[in-house]
Q: 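Below: one structure in structure tokens.
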Amino acid sequence: MNNNLDTIFKAYDIRGTVDDQMNTGICNRIGTAFANYVKNFGASRIVVGRDMRPDGVELLKAFTAGIVDAGIDVVDIGLCATEMVYFASGLFNTPGAMFTASHNPVGYNGIKLCGAGAAPIGAATGLEEIKTLAKKRTSPSVAIPGTVTNQNMLSDYVDHVLAFIDKSVLRPLRVVVDAANGMAGLVVPAVFDRLPFQLDVMYPELDGTFPNHPADPLQPKNLLDLQNQVLNSSADIGLAFDGDADRVFVVDEKAQVLSGSLITALISKEILQREPKSVIIHNLICSASVPEVIAENGGRAVRSRVGHSFMKQLMRSTGAAFGGEHSGHYYFKDNYNADSAMIATLLVLEALSRHEESFSDSIAPLHRYSASGEINMQVSDVDSVINRVAAYFNGEDQDRLDGLTVRCHKWWFNLRPSNTEPLLRLNLEADTPAIVEDRVKQIQTLVLSEAAKPDVDH
């Protein structure tokens, strides 16, 4: 069982295949371990919730039993988006746990944990300690077990996210949402019911078997239904959510996919109009346009490592008003520094409402560079490859904040290791598509050939 724990505890959450890796016995142990961990910080209750995956019912029940056995009370908010657990954790100032496997396919489940006030819990911020406690399997020895209370948070959550926008400026945009049978099917109609938009929700039924397509909008094929519906209905914008509705991907009225970097830049402008001179966090694989837009609008851009625990920590330590990741996660100071796809969605719709022009025209000034997208390359020794690439570009501006970032004339790239596999992830951006193509080939040659000495100028 300890081997299973090593397998399912990841860098940012707990995740694995149901029955063999994620089962009721393991979830019960993790529940007790989490309860004993948060006791050290004075916690007396934990907020829990789950997504629509059918196996989540029994897994969460076992996890909750483990918490109660350790003498900690549970507030169960039931079916919810992950960001609703963060909201409740912040509102009640209690730790939280969300049962979800996010964008993973059928057969997976997992747990996202947070500390009181939606504080991040990752490998370096408590997850390893929780795993160690779960391995010890210490039997609870409490005189009084905890209690379980059920509480519906949907209305309070809707009030919270709507407070981020000025509803008076909204116009009746035609909005298509692909809920992908995930938790967006619950939260989107509840939020939009109070707004003037013409809403078309595709696949709203909560169904963890994902009968239409996987709830993973990072994969282009899973956006095709949304893109077709946007064009067929002459919509102003399309939105695709992942399974637990904590990430949103956006397409314009031409069905062109807008990167997380573009949305980060757009929301940064909105935030800086309200909170001038604010700090804005962006992860280091965001487009160079992001810090440019932040500076142009009077803000201070701060780079972060990739990953929600790093973003949240930096949000807290800098007092940043907003943070964005290229992957579609967006963080807000007034949301307990946690990420919220719904708040990001509302801010994008408010920005679009302020312009009479089309979405593609209004966002065009933010689209300044060409990007490679993330390219994964399998290598035998991650560190030695990164060192070799760094040596090849000796003399160029570079840093090791997260993997290797090198900035050259008219282009830059980041090469960072996967947290779980012997992979290097390449993200490259340049002034033109031709430069992107040439430089991607150059980096791939360097990475994949042990004796590579490509005859290409830097």
Q: Can you tell if the side chain of V293 reaches within under 4.5 Å of the side chain of R368, non-hydrogen atoms only?
A: yes

Q: May I ask you to decide if the ring planes of F322 and F332 are parallel, tilted or perpendicular, using 30° and 60° as cut-offs?
A: tilted

Q: I need the minimum non-hydrogen distance between S340 and V161, along with the two atoms involved.
A: OG-CG1, 4.5 Å

Q: Okay, side chain of E253, backbone of S360: is any donor-acceptor separation there less than 3.5 Å?
A: yes

Q: A side-chain contact here means heavy atoms from C-beta on lying under 4.5 Å apart; do I14 and K10 qualify?
A: no

Q: If you define the side chain from C-beta out and look only at heavy atoms, does anything of R407 sit under 4.5 Å from Q398?
A: no

Q: Could you walk me through whether I111 and F34 satisfy the side-chain contact (heavy atoms from CB on, under 4.5 Å) test, starting with their C-alpha distance in whole Å, then the side-chain angles of each, then the deciding distance to 0.1 Å, before giving a yes or no?
A: CA-CA 11 Å; I111 316 170; F34 185 45; over 6 Å; no

Q: Given side-chain contact (heavy atoms from CB on, under 4.5 Å), test M52 with N181 step by step and report yes or no.
A: CA-CA 8 Å; M52 64 289 138; N181 300 110; over 6 Å; no

Q: At what distance, to the nearest 0.5 angstrom, does OG of S102 lie from CG of D13?
A: 8.0 Å

Q: Test salt bridge (Lys or Arg N to Asp or Glu O under 4.0 Å) on D51 and R53 and set out the steps.
A: CA-CA 6 Å; D51 71 11; R53 293 170 190 263; 3.4 Å; yes

Q: Under 4.0 Å between a Lys/Arg side-chain N and an Asp/Glu carboxylate O for D431 and K410?
A: no

Q: Taking all non-hydrogen atoms of both residues, which atom of S261 and which atom of S287 are closest, and how far apart?
A: OG-N, 2.9 Å

Q: Check whether D159 reaches the backbone of A163 with its side chain - one donor and one acceptor, N or O, closer than 3.5 Å.
A: no

Q: Kindly compute the distance separating CG (L349) from CG (L173), expressed to the nearest 0.5 Å.
A: 6.5 Å

Q: Is the shortest side-chain heavy-atom distance between Y330 and I343 below 4.5 Å?
A: no

Q: Show the numbers, then the answer: is there a side-chain contact (heavy atoms from CB on, under 4.5 Å) between T100 and M183?
A: CA-CA 10 Å; T100 179; M183 292 313 305; over 6 Å; no

Q: Answer yes or no: is there an ion pair linking R416 with E374, defined by an N-O contact shorter than 4.0 Å?
A: yes

Q: Measure the spacing between OG1 of T125 and OH of Y12 and express it to the nearest 0.5 Å.
A: 10.5 Å

Q: Output yes when a side-chain donor or acceptor of N222 lies under 3.5 Å from a complementary backbone atom of D216, and no otherwise.
A: yes

Q: Step by step, work out the side-chain hydrogen bond (donor to acceptor under 3.5 Å, both in side chains) result for H326 and N427.
A: CA-CA 11 Å; H326 189 69; N427 284 271; 5.1 Å; no

Q: When you measure from the side chain of R388 to the backbone of L446, do you find a donor-acceptor pair of N or O atoms at a distance under 3.5 Å?
A: yes

Q: With a 4.5 Å limit on heavy-atom distance, are the side chains of L272 and S278 in contact?
A: yes

Q: Distance alone, cut at 3.5 Å: any donor-acceptor contact between the side chains of S304 and N283?
A: no

Q: Testing the basics here: between S268 and I280, what is the closest heavy-atom pair and its distance to 0.1 Å?
A: OG-CG2, 3.5 Å

Q: Look at the side chain of R171 and the backbone N and O of L352, then say whether any donor-acceptor pair between them is shorter than 3.5 Å.
A: yes

Q: Has S89 got a side-chain atom pairing as donor or acceptor with V85's backbone, closer than 3.5 angstrom?
A: no

Q: Is the centre of the F164 ring less than 6.0 Å from the centre of the H160 ring?
A: yes

Q: If you apply the rule side-chain hydrogen bond (donor to acceptor under 3.5 Å, both in side chains), what do you find for Q21 with T7, and how did you get there?
A: CA-CA 8 Å; Q21 294 179 337; T7 300; 4.9 Å; no

Q: Is D193 reaching over with its side chain to a backbone N or O of P189, donor-acceptor style, under 3.5 angstrom?
A: no

Q: Using a cut-off of 6.0 Å, state whether more than 12 heavy atoms not belonging to R303 lie near its atom CZ.
A: yes

Q: Without swapping roles, check the side chain of E83 against the backbone of D246 for a donor-acceptor pair under 3.5 Å.
A: no

Q: Would a distance-only check, ignoring hydrogens and angles, find a side-chain to backbone donor-acceptor pair under 3.5 Å from D236 to R174?
A: yes

Q: How many angstroms lie between CG in L113 and CE in M98, if you round to the nearest 0.5 Å?
A: 12.0 Å

Q: Give a yes or no on whether the backbone of G122 and the side-chain of S309 come within a donor-acceptor separation of less than 3.5 Å.
A: no

Q: Would you indicate whether the side-chain heavy atoms of L258 and F359 approach each other to under 4.5 Å?
A: yes

Q: Tell me the closest heavy-atom pair linking S168 and D166, and the distance in Å.
A: OG-OD1, 2.6 Å

Q: V389 versus F413: any side-chain heavy-atom pair under 4.5 Å?
A: yes

Q: For K333, enumerate each residue passing the salt bridge (Lys or Arg N to Asp or Glu O under 4.0 Å) test, keeping only those at least two apart in sequence or located in another chain.
A: E275

Q: Do S353 and F197 have side chains that approach each other closer than 4.5 Å (heavy atoms only, starting at C-beta)?
A: yes

Q: So which heavy atom on L366 is nearest to which on L262, and how close?
A: O-CD2, 3.3 Å

Q: What distance do Y157 atom OH and L186 atom CG have between them, rounded to the nearest 0.5 Å?
A: 9.0 Å

Q: Might you work through the side-chain hydrogen bond (donor to acceptor under 3.5 Å, both in side chains) test for Y203 and D225, ending with a clear yes or no?
A: CA-CA 10 Å; Y203 316 133; D225 288 355; 2.7 Å; yes

Q: Step by step, would you call F63 with V48 a side-chain contact (heavy atoms from CB on, under 4.5 Å)?
A: CA-CA 9 Å; F63 179 82; V48 302; 4.1 Å; yes

Q: For the CE atom of M311 and the CG atom of D339, what is their distance to the nearest 0.5 Å?
A: 9.0 Å

Q: Which is it for Q313 and R316 under the side-chain hydrogen bond (donor to acceptor under 3.5 Å, both in side chains) test, yes or no, and what are the steps along the way?
A: CA-CA 5 Å; Q313 285 176 305; R316 289 168 181 264; over 6 Å; no

Q: Identify the heavy atoms of A351 and L266 that sit nearest to each other, and give their distance.
A: CB-CD1, 4.1 Å

